[in-house]
A.B. asks: 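After the structure tokens below, expect a handful of questions from me.
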Amino acid sequence: MGALTGRALIASRCAKFFKDGDFVNLGIGLPLMCVNYLPEGVDLWLEAEIGIVGCGSSPSWDDADPDLIDAGGQPASVIPGGSVCDHATSFAYIRGGHIDAAVLGTLEVDQHGNIANWTIPGKLVPGMGGAMDLCSGVKKIVVATDHCEKNGKSKILKQCTLPLTGARCVTDIVTERCYFEVTPEGLVLRELAPGYTVEDIKACTEADFLVPDEIGVME
């Protein structure tokens, strides 16, 4: 198999944060791809705020149970030992600090660990979902995102300009170009995707970041 690139590389790197048995919430879209790249020996309990503990693979609509859907309205499944619950219980898991990690997509993220991923003023949006609760109730918040907008503008900023989903909650930022750790001293460039240099990242990143003596390779 060839080297991973793009969103597959992002999902693969995010999956390396997990330990066997972790209780994890994955946002819709790119974050859900993480389950395709779990390291050998790592099985997760996936929580969906809509009320599923132990989410399985996504079946086709032909094989779907109409009573089981994910937060994005797509068909879902439950692994052996999994269960369904009401919203109050589901959000109690999140707000009670019982979830080990969450992976979220974003519109913007900044060098202070702020994330803005739920609305663009003036545009119609379906709502914030459980993202604000995740940002306040989960200790490890991993942002999985394209490094830049389609127009080339950096999505990793000095300061978010959109309404925040969570303040100073992001612990890690993974893009198709690099991996940043969010620390009290600021962003630290921990890994580079194959083919990218530190200068490349400086050129496409608005945020300030620290460059350690040793930088790993994303895989």
Side-chain angles (χ1 to χ4, degrees), residues 2-18 24-38 58 70-72 74 101-123 125-126 128-132 134-135 140-166 169-182 186-209 211 215-219:
L4 297 176
T5 60
R7 293 193 162 198
L9 178 61
I10 298 172
S12 175
R13 181 59 187 86
C14 288
K16 290 179 172 60
F17 289 116
F18 306 138
V24 173
N25 184 290
L26 301 177
I28 60 175
L30 170 56
L32 278 174
M33 293 173 60
C34 294
V35 296
N36 299 324
Y37 301 97
L38 293 177
S58 299
D70 64 22
Q74 298 302 305
V103 181
L104 302 174
T106 198
L107 297 168
E108 295 177 347
V109 62
D110 70 27
Q111 64 193 46
H112 307 291
N114 299 316
I115 178 174
N117 75 347
W118 75 277
T119 190
I120 298 175
K123 291 191 175 183
V125 295
M128 65 191 71
M132 289 186 177
L134 290 165
C135 287
K140 190 171 188 63
I141 298 291
V142 179
V143 167
T145 180
D146 297 322
H147 203 101
C148 298
E149 302 282 1
K150 292 180 179 179
N151 61 9
K153 179 183 177 182
S154 175
K155 295 178 70 173
I156 306 171
L157 310 177
K158 295 181 184 295
Q159 187 75 46
C160 288
T161 62
L162 296 173
L164 295 185
T165 307
C169 59
V170 176
T171 57
D172 306 273
I173 303 168
V174 180
T175 80
E176 80 284 5
R177 305 182 190 188
C178 68
Y179 157 46
F180 291 113
E181 181 184 6
V182 185
L187 298 186
V188 179
L189 180 62
R190 293 299 185 194
E191 296 175 4
L192 288 167
Y196 286 93
T197 67
V198 173
E199 293 306 314
D200 291 333
I201 303 305
K202 288 181 177 179
C204 64
T205 307
E206 179 190 299
D208 297 321
F209 58 88
V211 180
I215 303 174
V217 177
M218 282 178 63
E219 55 184 20

A.B. asks: When rounded to the nearest 0.5 angstrom, what is the spacing between SG in C178 and CZ in R190?
C.D. replies: 12.5 Å
A.B. asks: If you round to the nearest 0.5 Å, how far is CD1 of I156 from SG of C204?
C.D. replies: 7.5 Å
A.B. asks: Hey, does the side chain of S154 reach the backbone of L157 with a donor-acceptor pair shorter than 3.5 angstrom?
C.D. replies: no
A.B. asks: Flag the pair C135 / L104 as yes when at least one side-chain heavy-atom distance between them is below 4.5 Å, and no otherwise.
C.D. replies: yes
A.B. asks: Ignoring hydrogens, what is the shortest heavy-atom contact between I173 and V109? Give both atom names and the distance.
C.D. replies: CD1-CG2, 3.8 Å
A.B. asks: Only one of T175, T145, D110 passes side-chain hydrogen bond (donor to acceptor under 3.5 Å, both in side chains) with K155; say which it is.
C.D. replies: T145
A.B. asks: Taking the inter-plane angle between the rings of F180 and F209 on a 0 to 90° scale, is it parallel (under 30°), tilted (30 to 60°) or perpendicular (over 60°)?
C.D. replies: tilted
A.B. asks: Please report the shortest heavy-atom distance between V170 and V182, naming the atom on each side.
C.D. replies: O-CB, 3.4 Å
A.B. asks: Which pair of non-hydrogen atoms, one from V35 and one from L38, has the smallest distance, and what is that distance?
C.D. replies: O-CG, 3.8 Å
A.B. asks: Side chains of L162 and P121: does their closest heavy-atom pair fall under 4.5 Å?
C.D. replies: yes
A.B. asks: Test side-chain contact (heavy atoms from CB on, under 4.5 Å) on F17 and V103; report intermediate values, then the result.
C.D. replies: CA-CA 10 Å; F17 289 116; V103 181; over 6 Å; no
A.B. asks: Hey, what do you get for CG (L4) to CZ (R13), rounding to the nearest 0.5 Å?
C.D. replies: 13.0 Å
A.B. asks: Measure across L26 and P31 and return the closest heavy-atom pair with its distance rounded to 0.1 Å.
C.D. replies: CD1-O, 3.7 Å
A.B. asks: Using 0.5 Å steps for rounding, measure from the OH atom of Y37 to the CG atom of L9.
C.D. replies: 9.5 Å
A.B. asks: Residues in side chain to side chain contact (heavy atoms under 4.5 Å, CB included) with Q111, at least two apart?
C.D. replies: K158, L187, A207, D208
A.B. asks: Do any N or O atoms from the side chain of T165 and from the backbone of N117 form a donor-acceptor pair under 3.5 angstrom?
C.D. replies: yes
A.B. asks: Which residues pass the salt bridge (Lys or Arg N to Asp or Glu O under 4.0 Å) test with K202, not counting sequence neighbours?
C.D. replies: E199
A.B. asks: Once rounded to the nearest 0.5 Å, what's the spacing between atom NE2 of H147 and atom CG of D200?
C.D. replies: 10.0 Å
A.B. asks: Of the non-hydrogen atoms in M218 and R177, which two are nearest, and what is the gap between them?
C.D. replies: SD-C, 4.2 Å
A.B. asks: Excluding sequence neighbours, so at least two apart, what forms salt bridge (Lys or Arg N to Asp or Glu O under 4.0 Å) with E176?
C.D. replies: none
A.B. asks: Can you measure from CG (L164) to CG (N114) and round to the nearest 0.5 angstrom?
C.D. replies: 5.0 Å
A.B. asks: Would you say E219 has more than 12 foreign heavy atoms packed within less than 6.0 Å of its CD?
C.D. replies: no
A.B. asks: Looking at F18 and A101, what are the two nearest heavy atoms and their distance?
C.D. replies: CE2-CB, 4.2 Å
A.B. asks: If only atom types and distance count, is the side chain of E108 paired as donor or acceptor with the main-chain N or O of T161 below 3.5 Å?
C.D. replies: yes
